[in-house]
Every structure is written in C-alpha cells, then in structure tokens.
Amino acid sequence: MSLREKPPFVIAVDGPAASGKGTIATGLGEAFDLPVLDTGLLYRCVGVLMQKAGEDLDDQAAAACAAALLTADQLDDPALRTREAGEAASRVAVHPRVRGALMDFQRTFAEQDGGSVLDGRDIGTVIAPDAPAKLFVTARPEVRAERRWKQLFAQGEAVSYEDVLADIRRRDARDGGRDAAPMKPAADAVLLDTSEMTIDHAADAARRIVEAARAKWISST
Ligand code: CDP
C-alpha cells in the first residue's frame, strides 16, 4: 500500500477525568502538526444545553435532540469547563442515542486527510478502533482530584478537594460502568500512568509512544 492509500494517522487519547489526557492531546497535536478534538466538550455541551433548557438529564430523547442540533461553534463556551458541566456531561453520556448522535461529528473529524488527535473515553474502542496510535492515560484518583481542584480554583470555582475527589470517583464509576461505550483501554492501547509525572514529563512520554507508532504506521504495508 502506498502512503496515500493508508488510512489517516489518527491518535486516540482516552482516559478518566483529569488524567492529563487533554494536555497530552494538545501537545501531540503540536508535535505532529495535527488538529485536535476534545470530544468531552461535545458531551459537556449537550449537558449544558439540557440544563439551560430546564430538561431532565436522564431524558434520553431530549438529550439526543440536543446532541443532534449541536454545532462546532458552540464548543468554545467557557461554561463548558465548569465542574457542573462535567457532571452533566457524564450523565447525558450514558444515553446510547446521545452517543450515536455525536458519532458522525467525531468520525468525520477523525478521518480528515492528514490525520487528527481525539481525546475522550471511547476513541480507541468505538470512534476510531483502527487508529494507528492509541494511548490510555490514567493516574491515581487522589492525584487527579488535586489537579482538577487546582484547575477549578484557577477558573474561580471555590470547591473543596474532598468534593472534587468524590466527583472523580463518581464519574469514574459511571463512565466505566455504563453499558454504552464504557470507558476502558482498547486492547492495543499503550497505558500511560501519569501519577508520578509532571505534565511535561507525561507529554514527552506520550510523544515517544506516538513516534514509535508512527514509524510502524509508515513502514506498514
Ligand atoms: O475533562 P474531563 O476528563 O473531566 O472530562 P471530559 O473529557 O470533558 O468528559 C466529560 C464527560 O463526558 C466524561 O465524564 C464522560 O462521561 C463523557 N465523555 C464520554 O462519555 N465520551 C467521550 N469520548 C468524552 C467524554
């Protein structure tokens, strides 16, 4: 197969909340000159739209409607970055019809010419199962809670560390325990535990993993 016939070089970065996957995905986008999609923003946007409209987050039909109407220009809203938006996202993300409605958007992004980086929960397992580079980024819940607490504090959200840790544990259980596309490492994903790493160290480690995957992808027939 020539280079032109190869499927695009997609980098799938999955993992739980505050594992560092967003920063790593952004760094990989810069290192490999690829566009990056934070797929969590799609679920956050659906959750926030539902809350603004006074809808029940457990209402699958209403959530699927919101997901079907979502457009890329809605993803820049800082309101999507709040603690409440993360919780709302995780609740609407359990609905198979919401996941289905968001699938085309993600696959179209993934399959663009030249390649792409996507971060989320099910990129390596469902959205881009053939991605040549897959990472599952994780860290201990206590470490992730501290990172998220600092991030929320910097955004002006006053919340206790204990509450953030409880959020993280609840979200891990919901995201990993749901029937529709549960969060889990793809069989061929490389696991990267960032518990003992600075974010720069983690980004370097991720780049090395992807460089190796890219060399294999280039030489594959
Ligand atoms: O930034 P953080 O890791 O806290 O969350 P996020 O990546 O913005 O995702 C928010 C929520 O959306 C997650 O807890 C998941 O429930 C859901 N999500 C998902 O189900 N599938 C994805 N590909 C991305 C996010």
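Everything numeric in this text was worked out from a predicted model, so none of it was measured. Numbering of ligands and ligand atoms starts at 1, following listing order.
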Q: Does Arg214 make a cation-pi contact with Phe9 (under 6.0 Å, within 45 degrees of the axis)?
A: yes
Q: Asp200 and Thr198: side-chain donor and acceptor closer than 3.5 Å?
A: no
Q: Got the closest protein heavy atom to atom 24 (C) of ligand 1, with its distance?
A: Thr39 OG1, 3.4 Å
Q: Could you pull out the closest heavy-atom pair between Ala110 and Pro8, with the gap in Å?
A: O-CG, 4.2 Å
Q: Quiz question: by atom type and distance under 3.5 Å, do the side chains of Tyr43 and Arg121 form a donor-acceptor pair?
A: no
Q: Test Lys21 against Asp14 for salt bridge (Lys or Arg N to Asp or Glu O under 4.0 Å), laying out the working first.
A: CA-CA 7 Å; Lys21 65 185 184 315; Asp14 289 305; over 6 Å; no
Q: Would you call Arg140 and Glu196 a salt bridge, taking side-chain N to carboxylate O under 4.0 Å as the test?
A: yes
Q: Taking Asp172 first and then Arg169, would you say they form a salt bridge - that is, a charged N and a carboxylate O separated by under 4.0 Å?
A: no
Q: Any heavy atom of Lys21 closer to ligand 1 than 4.0 angstrom?
A: yes
Q: What protein heavy atom sits nearest atom 17 (C) of ligand 1, and how far away is it?
A: Ala93 CB, 3.7 Å
Q: For ligand 1, indicate whether the residue Ser90 contacts it via side chain, backbone, both or neither (heavy-atom separation under 4.0 Å).
A: both
Q: Can you confirm, on distance only, whether ligand 1 has an N/O atom lying under 3.5 Å from any N/O atom belonging to Arg121?
A: yes
Q: With only distance considered, is Asp122 within less than 3.5 Å of ligand 1 through an N or O on each side?
A: yes
Q: Does ligand 1 have a heavy atom under 4.0 Å from the side chain of Arg83, from its backbone, from both, or from neither?
A: neither
Q: Tell me whether Asp204 is salt-bridged to Arg207, with the criterion being a basic N under 4.0 Å from an acidic carboxylate O.
A: yes
Q: Counting non-hydrogen protein atoms only, what is the nearest one to atom 8 (O) of ligand 1? Give residue, atom name and distance.
A: Arg44 NE, 2.6 Å
Q: Does even one non-hydrogen atom of Met183 get within less than 4.0 Å of ligand 1?
A: no
Q: Salt-bridge test for Asp179 and Arg99: reply yes if a basic N is under 4.0 Å from a carboxylate O, no otherwise.
A: no
Q: What residue and atom, counting heavy atoms only, is the protein's closest point to atom 10 (C) of ligand 1, and at what distance?
A: Arg171 NH1, 3.4 Å
Q: May I ask whether Arg99 has any heavy atom positioned less than 4.0 angstrom from an atom of ligand 1?
A: yes
Q: Among the heavy atoms of Gly22, does any lie under 4.0 Å from an atom of ligand 1?
A: no
Q: Would you mind listing which atoms of ligand 1 come within a distance below 4.0 Å of any non-hydrogen atom of Gly40?
A: 6 (P), 7 (O), 8 (O), 9 (O), 24 (C), 25 (C)
Q: Starting from atom 16 (O) of ligand 1, find the nearest protein heavy-atom neighbour and note its residue, name and distance.
A: Asp175 OD1, 2.6 Å
Q: Using a strict 4.0 Å cut-off to heavy atoms of Ala89, name the atoms of ligand 1 that fall inside it.
A: 10 (C), 11 (C), 12 (O)
Q: Classify the contact between Arg148 and ligand 1 as side chain, backbone, both or neither, using a heavy-atom distance cut-off of under 4.0 Å.
A: side chain
Q: So does Glu87 pair up with Arg91, basic N to acidic O under 4.0 Å?
A: no
Q: Between Val36 and Leu118, is there shared hydrophobic-cluster membership here, with clusters defined by ILVMFWY side-chain heavy atoms closer than 4.5 Å?
A: no
Q: Side chain, backbone, both or neither: which part of Ala18 comes within less than 4.0 Å of ligand 1 when only heavy atoms are counted?
A: backbone
